Q: 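Can you keep this structure in mind? I'll have questions shortly.
Just so it is clear, the structure is predicted and the values come from calculations on it, not from any experiment. Hydrogens, waters and symmetry mates are skipped; everything else that's a heavy atom, side chains included, is used. Naming: A, B, ... by sequence-line order, numbering from 1 per chain.
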2 protein chains.
Amino acid sequence: MALGKDYVGQDCSLSRALELLGERWTLLVVQNALYGVRRFNDFQVRLDIPKAVLSDRLARLTEGGVLEKRQYQPSPPRYEYLLTDAGIELWPVIYTLSVWGRRHIGGEPPRLFRHADCGSALLPSSDCPECGPVAPADVEMYPGPGPKRDDPVSRAMNRPRRLLEPVVPAAP
Amino acid sequence: MALGKDYVGQDCSLSRALELLGERWTLLVVQNALYGVRRFNDFQVRLDIPKAVLSDRLARLTEGGVLEKRQYQPSPPRYEYLLTDAGIELWPVIYTLSVWGRRHIGGEPPRLFRHADCGSALLPSSDCPECGPVAPADVEMYPGPGPKRDDPVSRAMNRPRRLLEPVVPAAP
DNA sequence: AGTGTTGGTTCAATGAATGAACCGGGGTAG
DNA sequence: CTACCCCGGTTCATTCATTGAACCAACACT
C-alpha cells in the first residue's frame, strides 16, 4: 500500500488484509461491486473517483484476487470486473462496518437489506435472524429513507434487487 | 480523511465509517486497543508507526468517539486511551477482516481466539459456535503458530489473556 | 468526416506519511 | 544538586499518494 510501502513488521492477518484493502477508495469499490457495478465507467460515475486512482485500485484488486477482469464483448473491446469468491466473502465485513457507521456516526441509510427467502431484515452480523448465515446472492437490497445520489448508475441501483445482480444503467 | 478532504458525495454509511477509520494505521490502532494496548508509547513500540501519525490517529479516534483519553496518574502526568463502547463494537469488523486475510492472503496467525466460557474457537463472524454472540470481554486470546514481533509490548501480549485486558509490558 | 462512448494514461499541483530531531515535565541515581 | 532517562508528544524537510484536468486510441454511429 502506501508509503513505507506496507505495514512491514506487523505480524497479523489484519495488516496483510489492509495492505490490499486499506487504501483510499478500495473498500468502496468492493462495496459497489457487491451492489452489481461491473464496468469502469459505472464505478467512475458512481464514486466520483479520479480515473487514475480507479484504474490503480481495480488493477490491485484484480492482482490480489478480489476481482477478475473479463472482456465481455470482442468489438468494440469492453471489459467488466467481477468479484471472485474471495471478493464476495468481503460482504460481511462491508455490511458490518456499514452498520457500525450508521449506529455510531449517524445518517439515514439509502439502502436496506433483507433475506430474499424470508424477508427478514439482516442482523448487524449480516446473518438472517430466522435462517442464520445468508449468501450475498440471497440478500435483497431495497431503497431506504436516506438520501441517494443522482446519477444513472445510482438510479439503476435504487430499484429492489439482489446483491451481485449486474447494474444496467439507463441510457439518458 | 484524505485529499479531496473526504468521500464527498458518497451516500452510504460505509463512506462515513471510512472517513473516520479508513486512514492508514487507524484500524491497526483500534485492533491493538482491543488487544489491551492503552498507552502512547506502547502503541508506538508495537506498531512501529511515526509518532506524528500516531498522535493524529489517536486524536481523530478520540474526537470520533472510538477512544477516550484519560489521565491515569497526576504526577508525572500520564495518559491512556481506552476504547469506548462504540470502539469495542468494532471487534467483529476487525476479527472478520482478519480472518478474511488469513484465508485469502495467507500466513499463519500469531494469535488465536476462543470463547473464554466454553473454550470453542470463534467462527469467522466472531460468534461462538456453541453459544452465539460473544462480548469481546469474554474472548480469550492465546498464541498461535505464526511469527510474533519481538518487543516488550508484543511479548506481554503473548501470554493467554482476554481482549481489553490492559497490557503491562515488562521493564527490560 | 465528424461525433460519441468506453476504457483508459499522463502530468503538474496539492496533501499526507515518514523518520529524525527536538522538547518539557517529572522521576531517579549519583 | 546535577545528570540522565522516561513519557508523551511537536516540528520539519523529504518522499510518496491523490487529485483533476487534459489527452488518447479503438471502435461505432450518422
Side-chain angles (χ1 to χ4, degrees), chain A residues 1-10 15 18-19 22-29 37-62 67 69-82 151-153 167-172, chain B residues 1-10 18-19 22-29 37-62 67 69-81 151-153 167-172:
Chain A
M1 120 179 253
L3 294 175
K5 301 96 179 133
D6 28 27
Y7 297 105
V8 215
Q10 285 308 303
S15 58
L18 289 174
E19 284 182 25
E23 285 171 303
R24 189 161 157 70
W25 294 112
T26 303
L27 234 38
L28 292 173
V29 168
V37 178
R38 298 184 164 191
R39 290 158 61 164
F40 189 96
N41 260 355
D42 291 350
F43 282 110
Q44 215 258 310
V45 164
R46 201 174 126 73
L47 288 174
D48 251 345
I49 177 181
K51 291 168 144 204
V53 176
L54 178 58
S55 182
D56 176 78
R57 296 305 184 269
L58 290 172
R60 292 176 62 64
L61 286 171
T62 303
L67 295 176
K69 181 176 185 172
R70 219 181 59 172
Q71 187 165 5
Y72 67 89
Q73 69 176 34
S75 178
R78 290 289 182 263
Y79 306 93
E80 60 185 2
Y81 295 86
L82 297 180
D151 57 74
V153 182
V167 162
V168 186
Chain B
M1 119 179 257
L3 294 174
K5 305 104 236 87
D6 28 27
Y7 297 106
V8 215
Q10 286 307 301
L18 288 174
E19 284 182 25
E23 286 171 303
R24 188 158 160 73
W25 294 111
T26 303
L27 234 37
L28 292 174
V29 169
V37 178
R38 298 183 164 192
R39 291 158 59 164
F40 190 95
N41 258 359
D42 291 350
F43 283 109
Q44 213 257 311
V45 164
R46 193 166 135 77
L47 287 173
D48 250 346
I49 178 181
K51 290 168 146 205
V53 177
L54 177 58
S55 183
D56 176 78
R57 297 304 184 270
L58 290 172
R60 292 176 62 63
L61 286 171
T62 303
L67 295 177
K69 183 177 185 171
R70 219 181 59 173
Q71 187 166 4
Y72 67 89
Q73 68 177 36
S75 178
R78 290 288 181 265
Y79 305 93
E80 60 186 1
Y81 295 87
D151 58 74
V153 182
V167 161
V168 185

Q: Rounded to whole Å, how long is the line connecting atom CD of A/Gln71 with atom P of C/dG8?
A: 10 Å
Q: I want to check a possible cation-pi pair here: A/Arg39 against A/Tyr72, using under 6.0 Å from ring centre and within 45° of the ring axis as the test.
A: no
Q: Decide whether a cation-pi geometry holds between A/Lys69 and A/Tyr81; the criteria are a distance under 6.0 Å from NZ or CZ to the six-membered ring centre and an angle within 45° of the ring axis.
A: no
Q: Grab the CG-P distance between A/Asp48 and D/dT18 for me, whole Å please.
A: 17 Å
Q: Between A/Trp25 and D/dA17, is there a contact of a side-chain N or O with OP1 or OP2 at under 4.0 Å?
A: no
Q: Any side-chain N or O of A/Tyr81 less than 4.0 Å from the OP1 or OP2 oxygen of C/dG8?
A: yes
Q: Let me know the distance between CD of A/Gln44 and P of C/dG7, rounded to the nearest Å.
A: 11 Å
Q: With a 4.5 Å cut-off on side-chain heavy atoms, are B/Glu80 and B/Phe40 touching?
A: no
Q: Strictly below 4.0 Å: does A/Arg78 bring a side-chain N or O up to OP1 or OP2 of C/dT5?
A: no
Q: Looking only at atom types and distance, does a side-chain atom of A/Gln44 sit under 3.5 Å from a main-chain N or O of A/Ile49, one as donor and one as acceptor?
A: yes
Q: Between the protein and nucleotides 28-30 of chain D, list every N/O to N/O distance that falls short of 3.5 Å.
A:
unit_1: D/dA28; atom_1: OP1; unit_2: A/Ser75; atom_2: OG; d: 3.0

Q: In terms of side-chain geometry, is the basic nitrogen of B/Glu23 or A/Arg24 positioned less than 4.0 Å from the acidic oxygen of its partner?
A: no
Q: Write out a two-atom table: protein N or O, nucleotide N or O from nucleotides 9-13 of chain C, distance below 3.5 Å.
A:
unit_1: C/dT9; atom_1: OP2; unit_2: A/Ser55; atom_2: OG; d: 2.6

Q: The criterion is side chain to side chain donor-acceptor pair (under 3.5 Å); which residues satisfy it with A/Ser15, sequence neighbours excluded?
A: none
Q: Nearest whole angstrom, please: distance from the C1' of D/dC6 to the CD of B/Gln73.
A: 11 Å
Q: Please state how far atom OH in B/Tyr79 lies from atom C1' in D/dC6, giving the value in whole angstrom units.
A: 15 Å
Q: Do A/Val167 and A/Pro169 come close enough that some side-chain heavy atom pair is under 4.5 Å?
A: yes
Q: Just wondering, do B/Leu54 and B/Trp25 contact through their side chains at under 4.5 Å, heavy atoms?
A: no
Q: Please report the distance, rounded to the nearest Å, between OH in A/Tyr72 and P in C/dT5.
A: 14 Å
Q: Would you tell me if any nitrogen or oxygen in the side chain of B/Arg24 comes within less than 4.0 Å of OP1 or OP2 on C/dT18?
A: yes
Q: To the nearest Å, give me how far apart CG (A/Leu54) and C1' (D/dG20) are.
A: 14 Å
Q: Return the value, rounded to whole Å, for the distance between atom CZ of B/Arg60 and atom C1' of C/dA16.
A: 12 Å
Q: Hey, is the main chain of B/Pro77 close enough, under 3.5 Å, to the side chain of B/Gln71 for a donor-acceptor pair?
A: no
